Engineer: 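One structure coming up, written as structure tokens, with questions to follow.
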Protein chains: 2
Amino acid sequence: MINARPAVEDRPAVSVEDRLADDLLDRIFHALANRTRRSLLARLARGPAMVTQLAAPFPMSLPSVSKHLRVLESAGLIARSIDGRIHQCCLTTEPLREVEFWLAHYRAFWDQRLEALADYVESDRDGGPMTT
Amino acid sequence: MINARPAVEDRPAVSVEDRLADDLLDRIFHALANRTRRSLLARLARGPAMVTQLAAPFPMSLPSVSKHLRVLESAGLIARSIDGRIHQCCLTTEPLREVEFWLAHYRAFWDQRLEALADYVESDRDGGPMTT
DNA sequence: GCAATATTTGCCCATTTGGTTTAATATCAA
DNA sequence: TTGATATTAAACCAAATGGGCAAATATTGC
């Protein structure tokens with residue numbers, strides 16, 4: 001074939017809003033893709049805490065935890081209120097809702113897919129459906 | 001500064017199951033933390049496709065897309081069935097359910113938080129429940 | 001003022017990531 | 001067989017990540 005791949009112009013246009021949403025999802029998912037940070041969120045789900053308190057259970061230096069907190073903060077997953085030397089951190093609800101919203105896109109697929117799977121199991125038994 | 005931080009033994013024990021779940025969540029969230037990969041998932045939500053088809057809309061080389069697909073696959077987000085030269089990819093439902101499950105942990109916090117906010121707004125109790 | 005506390009910043013390092021290009025492999029089709 | 005197609009593998013590179021440590025910056029309290 002002459003054109004194995006479509007030209008760049010043929011790609012779907014991406015709106016500014018989409019790009020902003022993508023940036024946010026990038027930051028949110030990246031922030032969640034680390035168990036230390038997820039652990040910090042789990043701790044904060046039990047209530048606000050200052051940085052030193054948050055860092056205490058982790059076998060790493062304070063600056064490292066501080067950096068993790070900044071990643072969480074820049075993803076909007078936590079907020080901090082500074083009172084003197086004390087930085088009090090607390091969970092924020094909005095970004096996790098963002099994730100929920102993103103997931104909702106696929107929930108429709110799941111349901112449809114489970115139905116299709118049920119159909120498939122009954123109809124086609126000869127060829128292996130999917131080699132893992 | 002005798003014991004500024006608790007000893008390693010004081011940290012909560014982490015079970016093997018937890019570590020496996022953490023590994024999986026690491027892979028899932030990392031896989032989702034890239035817009036190209038999310039875009040691939042969005043495409044696959046509309047139905048299975050072969051690698052070349054999947055790569056076509058993206059302004060990057062085929063090997064790059066191939067790598068992205070492998071990341072998605074190793075996170076269990078997609079599965080592939082190989083038929084001759086054709087690798088057919090399709091969405092998998094399980095990992096997104098895993099994310100849902102993880103999110104459910106925090107949903108309780110949201111509700112409690114929204115309830116607290118509602119209480120705060122409606123009634124005249126003194127003192128906000130949680131500093132933002 | 002001075003020391004202790006809470007936190008961040010800067011620099012260093014090894015590893016990973018996300019992309020490239022150029023083979024290599026496997027399959028289909030003429 | 002020969003050549004095109006579908007896909008991965010290998011080697012490479014720049015940039016980001018996650019960790020360390022030492023120093024800087026505020027702030028608190030004596």
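A note on names: the letters A, B, ... follow the listed sequences, proteins ahead of strands, and every chain is numbered from 1. As the structure is a prediction and not an experimental result, all values here were calculated from the model.
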Engineer: Polar pairs (N or O, both sides) under 3.5 Å between protein and nucleotides 15-17 of chain D?
Structural biologist:
none

Engineer: Could you list the residues that satisfy side chain to side chain contact (heavy atoms under 4.5 Å, CB included) with B:S64, not counting sequence neighbours?
Structural biologist: B:M60, B:S61
Engineer: If you assign each of B:S66 and A:T36 to its closest nucleotide in DNA chain D, which residue comes earlier from the 5' end?
Structural biologist: B:S66
Engineer: With respect to the side chain of A:M60, which nucleotide from D:dA6, C:dT8, D:dG20 is positioned closest?
Structural biologist: D:dG20
Engineer: So which residues get pulled into B:V71's cluster when ILVMFWY side chains under 4.5 Å apart are joined, directly or through others?
Structural biologist: none
Engineer: Main chain of A:A55, side chain of A:R43: is a donor-acceptor contact present, judged purely on distance under 3.5 Å?
Structural biologist: no
Engineer: Please report the shortest heavy-atom distance between B:T92 and B:I78, naming the atom on each side.
Structural biologist: OG1-C, 3.4 Å
Engineer: Rounded to the nearest Å, what distance is computed from the NE2 atom of residue B:H87 to the P atom of nucleotide C:dA26?
Structural biologist: 11 Å
Engineer: So, using side chain to side chain contact (heavy atoms under 4.5 Å, CB included) as the criterion, who are the partners of B:I86 when residues are at least two apart?
Structural biologist: B:M50
Engineer: If the cut-off is 4.0 Å, is A:T52 near the phosphate of C:dT7, judged by side-chain N/O to OP1 or OP2?
Structural biologist: yes
Engineer: For nucleotides 21-27 of chain D, read 5' to 3', which letter fits each nucleotide if B means a protein heavy atom sits under 4.0 Å from the base, S means only the sugar-phosphate is that close, and - means neither?
Structural biologist: BB----B
Engineer: How many Å lie between CD on B:Q53 and P on D:dT5, as a whole number?
Structural biologist: 15 Å
Engineer: Nearest-Å distance, CD1 (A:I86) to P (D:dT28)?
Structural biologist: 8 Å
Engineer: Closer than 3.5 angstrom, by distance alone: can the side chain of A:R80 be matched with the main-chain N or O of A:H87 as a donor-acceptor pair?
Structural biologist: no
Engineer: In whole Å, what is the span from the CG atom of B:L72 to the C1' atom of D:dT7?
Structural biologist: 16 Å
Engineer: In whole Å, I'd like the distance from the CZ atom of B:R70 to the C1' atom of C:dT17.
Structural biologist: 12 Å
Engineer: Taking the side chain of A:M50 as its heavy atoms from C-beta onward, which of C:dG19, C:dT7, D:dT7 lies nearest to it?
Structural biologist: C:dT7
Engineer: Is there a side-chain contact between A:L77 and A:L44 (heavy atoms, below 4.5 Å)?
Structural biologist: no
Engineer: Distance check needed: C:dT16 P versus B:H68 NE2, whole Å only.
Structural biologist: 18 Å
Engineer: Provide the full list of salt bridge (Lys or Arg N to Asp or Glu O under 4.0 Å) pairs with a residue in residues 25-34 of chain B, sequence neighbours left out, each pair given once.
Structural biologist: A:R35-B:D26, A:R38-B:D26
Engineer: Grab the CG-C1' distance between A:L40 and C:dT7 for me, whole Å please.
Structural biologist: 15 Å
Engineer: Rounded to the nearest Å, what distance is computed from the CG atom of residue B:L62 to the C1' atom of nucleotide C:dT21?
Structural biologist: 13 Å
Engineer: Looking at every heavy atom in both B:A75 and B:L24, which two are closest together, and how far apart are they?
Structural biologist: O-CD1, 4.1 Å
